[in-house]
Amino acid sequence: MALKRHIIFEALRSLVNPFTTKYPKRPYIPQEGFRGAAEYEGDKCVGCGACSQVCPTGAITYEDSGGYRRLRLDYGVCSFCGRCEETCPWGAIYLTEKYELAVYDRSEAQTCVDIPLFECTHCGRPFFPSSQMMASIEKVDETLRKYGIAREELARLIQICPACSFTVDNMPERRMFMRRLVR
Amino acid sequence: MLETIRSLARRKSPWIMHVPCGGCNGCDIEVVAALTPKFDVERFGVLQKGSPRHADILLVTGVVTAQVVDRLKRIYDLTPNPKFVVAFGSCAVDGDIFREAYGFAGPLDKVLPVDMYVPGCPPRPEALIDGLNKLLRKL
């Protein structure tokens, strides 16, 4: 008898306050720590490609074309693990709380970010994301001051693409620079 | 006139058949969760059917393995027209972590024509409801 009273109480309670979610009418708010679709923040990303290296499924790929480096995250391959967010040194990729990812076409299930490439000062060929160059010079700034090297000096050296930097004209300058570091 | 009634009936009662192909069963659990009173897809007339002959929508979860390709094609042929295929979960959409595995027989759209892609690993039951809503809007 006691059990039956419990059931009737439960039924009356759910009549007033239904247990079913009202999802399509009212949006669902995910709990804290929910891992939804990852997204890029365009102005923070420097295009280093660290996210593509750690991605366990290979969902993040990048290709250089037309003076831009395009980082592409494919939601169809992504396993929403959040390694990219952990690894990104610039905090440019982060997991959002988006879960409504249904699309009619597979090619729509992706997100992209374009990073402009730097052009080599010798041959004019784009070879390296310019924002990554700026960021990396900023990082070694303190060390440069310790060795008494001007910022512009290093900048001039790394603004030359790998193909040009090992030519006869540029080798002596590079060698002198290295000698100052190992002194 | 008959056509209008037919399309209305189709929109009000899309019966699904759940085809688990392979993989980790995470998506299967989410599909079953969507059928429970908490999420209750029966609000939209969605019923889970055990036979492809009774179904309108094939809900494919998991990676399409070399073993399952023939069976998947047979199930697709058994489904009466008009039929729709939903790729549920990242595995079915593009292969996810099993993309480079030896038993992987291409993403689902290499085997069957897919009408709706629901990425997620696993997608929430809400994502399934959202996907079905978008699919029914297309009818």
Side-chain angles (χ1 to χ4, degrees), chain A residues 7 10-11 13-15 17-39 52 54-61 72-85 95-112, chain B residues 23-24 26-27 30 33-44 59 63 84-101 104 106-110 113-139:
Chain A
I7 291 168
E10 187 71 40
R13 207 186 57 178
S14 37
L15 205 66
N17 189 14
F19 183 64
T20 311
T21 54
K22 298 181 177 65
Y23 164 59
K25 279 179 191 160
R26 258 184 243 164
Y28 163 75
I29 297 141
Q31 288 176 352
E32 205 173 307
F34 175 74
R35 291 189 293 211
E39 258 178 22
S52 78
V54 294
C55 186
T57 56
I60 303 173
T61 50
R72 196 162 63 90
L73 166 58
D74 215 327
Y75 291 136
V77 191
C78 180
S79 67
F80 302 83
C81 60
R83 285 285 283 134
C84 43
E85 191 190 25
L95 297 182
T96 59
E97 296 193 332
K98 278 186 197 162
Y99 55 94
E100 291 165 316
L101 300 168
V103 285
Y104 299 118
D105 193 6
R106 196 173 60 159
S107 57
E108 283 169 30
Q110 62 179 33
T111 178
C112 294
Chain B
C24 71
C27 300
E30 298 295 316
L35 297 162
T36 57
K38 172 76 177 168
F39 300 102
D40 204 14
V41 278
E42 270 189 47
R43 286 178 290 164
F44 315 104
L59 197 66
V63 265
F84 304 96
V85 180
V86 176
F88 189 71
S90 285
C91 287
V93 175
D94 229 336
D96 202 348
I97 200 108
F98 305 107
R99 202 161 48 129
E100 283 153 15
F104 181 61
L108 181 64
D109 54 2
K110 240 188 215 171
V114 180
D115 298 279
M116 193 80 221
Y117 299 88
V118 187
C121 190
R124 286 211 44 97
E126 277 93 354
L128 173 64
I129 296 171
D130 174 56
L132 284 172
N133 266 343
K134 281 181 185 167
L135 181 69
L136 296 182
R137 226 177 289 150
K138 208 174 82 167
L139 294 189

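Throughout, a chain's letter reflects where its sequence line sits, starting with A, and its residues are numbered from 1.
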Please classify the contact of A:F19 with chain B as side chain, backbone, both or neither, using a heavy-atom distance under 4.5 Å. both
Using a 4.5 angstrom heavy-atom cutoff, name the option from B:V118, B:D96, B:V114 with the most pairs to chain A. B:D96
Most contacts with chain A, counted as non-hydrogen pairs under 4.5 angstrom, among B:G120, B:G131, B:G89, B:G95: B:G120
Those residues at least two apart in sequence (or on a different chain) that pass salt bridge (charged side-chain N to carboxylate O under 4.0 Å, His left out) with A:K98 are A:E39
Okay, B:D115 and chain A: the region with an atom under 4.5 Å from a heavy atom over there is backbone
Best-contacting candidate, A:G36, A:G58, A:C81, against chain B by heavy atom pairs under 4.5 angstrom: A:G58
So that I can tick it off, tell me whether B:D40 and B:K38 are bridged by a salt bridge, with the cut-off set at under 4.0 angstrom between side-chain N and carboxylate O. no
Take atom NZ in B:K138; do more than 12 heavy atoms of anything else shown fall under 6.0 Å from it? yes
Separation between CD1 of A:I29 and CD of A:E97, rounded to the nearest 0.5 Å: 9.5 Å
Quick one: what part of B:F98 sits under 4.5 Å from any heavy atom of chain A, side chain, backbone, both or neither? neither
Looking at B:D109 and A:R106, is any side-chain nitrogen of the basic one under 4.0 Å from a carboxylate oxygen of the acidic one? yes
Counting heavy-atom pairs under 4.5 Å with chain B, which one of A:D74, A:V77, A:D105 comes out on top? A:V77
Tell me yes or no: between the side chains of B:D130 and A:Y99, is some donor less than 3.5 Å from an acceptor? no
